[in-house]
Amino acid sequence: MNKYITLILTLNLLFSCKGKTEDIPVPTEFSELIEWGIESPADSLFVFYKNCKISTDKIKKRELGNNLVFQYYLKETDYIDTTDEEYFEEIKFEIPIKSGLQKYSTNNLSDYKTTFEWGCFCDWPNETEAEQNIGKIELEKLNDSIWEVTIDIKNIPLNKEKKIKRKFYEYKPKLEIATKDTINRTDKFNRKQGHWITESYFTIENGIYSNNYFSGSRFNFMYYKEKKTLSSIWIYENDEWTKSIKFDRYGKLVKK
């Protein structure tokens, strides 16, 4: 068990997460995020993916296909000292490309396999409800890398509305920086691939991703008398939890 504790201490010193927000200035080092009381800064995405389709595999999300898939995603700032305020929302749809056609539109959102999802400590749609929407989507191709997109959508079961009019850009694979490391890779469909190490206020994850499927360890922490201690280690294989190792409030192994 000492090897797990040694690994945690090493990771805690070496790795941190880098984030961005459109609303307030946020420092880039994780230690500074804690000082700001921020566990996870706000982020947003307005992108499309070429040669793609929406996957029926909810973990994989996207896969190789013949269409364009558009994705809007918003995640609000997560504050360490505030509970139950986490919020995200996502709209995604796909269109079959027709040669020479620059403009597309529909008043039947199911034509584009449109889903409108969000999550918070409130009402949110289940998998079926996320597909039950009315409204209109209009698109105009400005060039190979930019589309002008107008979305006017209302989720019928939960009566939630969203309007968007802005440019969507072709997604480019990137390296998300963890401290000064560049191991956290995404592919052309924005799926996590390869070795990832990420840290938040309560967790450190270290493992391998394959098309968003995670195999590795999640280290969970608690704060007792203002001291950060290891509370548990969860082991995953292909995104399935396989076992856990628990520690008491003093960081000592709990024997089964």
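All residue numbers in this chain count up from 1 along the given sequence.
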I'd like to know if Lys103 pairs up with Glu138 as an ion pair, taking the criterion as any Lys NZ or Arg NE/NH1/NH2 lying under 4.0 Å from an Asp or Glu carboxylate oxygen.
no
For the residue pair Phe93 and Tyr112, does the interplanar ring angle fall in the parallel (under 30°), tilted (30 to 60°) or perpendicular (over 60°) class?
parallel
Treat each ILVMFWY residue as a node, draw an edge where side-chain heavy atoms are under 4.5 Å apart, and state whether Val149 and Tyr169 are in one component.
no
Check the surroundings of atom NZ in Lys53: do more than 12 heavy atoms from other residues, nucleotides or ligands lie under 6.0 Å from it?
no
For Thr128 against Gln132, the heavy-atom pair lying closest together
CG2-NE2, 3.3 Å
Salt-bridge present (Asp248, Lys252; N to O < 4.0 Å)
no
Can you see whether Trp118 has Lys160 sitting over its ring - NZ or CZ less than 6.0 Å from the centre and within 45° of the normal?
yes
Assess, by modelled atom type and distance only, whether the side chains of Ser217 and Asn206 contain a donor and an acceptor separated by less than 3.5 Å.
no
Evaluate the side-chain contact (heavy atoms from CB on, under 4.5 Å) criterion for residues Trp124 and Asn155: first the C-alpha distance (whole Å), next the side-chain angles of each, then the deciding distance (0.1 Å), finally the verdict.
CA-CA 10 Å; Trp124 66 87; Asn155 180 261; over 6 Å; no
How long is the straight-line distance from CG of Leu139 back to OG1 of Thr150, given to the nearest 0.5 Å?
8.0 Å
Can a cation-pi geometry be assigned to Arg62 and Phe189, taking NZ or CZ under 6.0 Å from the six-membered ring centre and within 45° of the ring axis?
no
Given the side-chain rings of Tyr201 and Tyr223, with only the six-membered ring counted for Trp, is the space between their centroids under 6.0 Å?
yes
Quick one: closest heavy-atom pair of Arg249 and Thr229, and the distance?
O-OG1, 3.4 Å
Tell me the closest heavy-atom pair linking Gln71 and Glu90, and the distance in Å.
NE2-OE2, 2.7 Å
Distance flag, aromatic centroids of Phe48 and Phe168, threshold under 6.0 Å
no
Between Glu63 and Arg191, does a side-chain contact (heavy atoms from CB on, under 4.5 Å) hold up when you go through it step by step?
CA-CA 9 Å; Glu63 58 187 76; Arg191 300 176 303 190; 4.1 Å; yes
Any chance you could measure Glu89, atom CD, to Leu74, atom CG, to the nearest 0.5 Å?
5.0 Å
Please find the pair of heavy atoms, one from Asn238 and one from Tyr213, that lie closest to each other, and give the distance.
O-CD2, 3.3 Å
Donor-acceptor pairs are to be reported for all side-chain atoms of residues 94-102 against protein atoms at under 3.5 Å, with residues two or more places apart or in another chain.
from	atom 1	to	atom 2	distance (Å)
Glu94	OE1	Ile54	N	2.8
Glu94	OE2	Asn67	ND2	2.6

Surrounding CG of Asp57 (heavy atoms of other residues, nucleotides or ligands, distance under 6.0 Å), is the total greater than 12?
yes
Report yes or no: do Tyr73 and Asn190 form a side-chain donor-acceptor pair below 3.5 Å?
no
Suppose we call two aromatic rings close when their centres sit under 6.0 Å apart. Are Trp147 and Phe70 close by that rule?
yes
Taking all non-hydrogen atoms of both residues into account, name the closest pair between Ile204 and Glu199 and its distance.
CG1-CG, 3.8 Å
Glu129 meets the side-chain hydrogen bond (donor to acceptor under 3.5 Å, both in side chains) criterion, sequence neighbours left out, with none
What I want to check is whether the side chains of Thr203 and Asn220 have a donor and an acceptor closer together than 3.5 Å.
no
Can Asn108 and Ser110 be counted as having a side-chain donor-acceptor contact under 3.5 angstrom?
yes
Looking only at heavy atoms, which two atoms of Pro125 and Ala130 are closest? And how far apart?
CB-N, 3.8 Å
Salt bridge flag under 4.0 Å for residues Glu117 and Lys92
yes
Salt-bridge contact Lys172-Glu170 (side-chain N to carboxylate O under 4.0 Å)
yes
Looking only at side-chain N and O atoms, does Asn184 offer a donor or acceptor that is under 3.5 Å from a partner on His195?
no
Is any side-chain heavy atom of Leu109 closer than 4.5 Å to a side-chain heavy atom of Ile134?
no
What about the rings of Phe202 and Phe221, do their centers lie closer together than 6.0 Å?
no
Option passing side chain to side chain contact (heavy atoms under 4.5 Å, CB included) with Asn212 (candidates Lys58, Lys60, Gln193, Lys192)
Lys192
Heavy atoms from other residues, nucleotides or ligands near NZ of Lys61 exceed 12 (cutoff 6.0 Å)
no
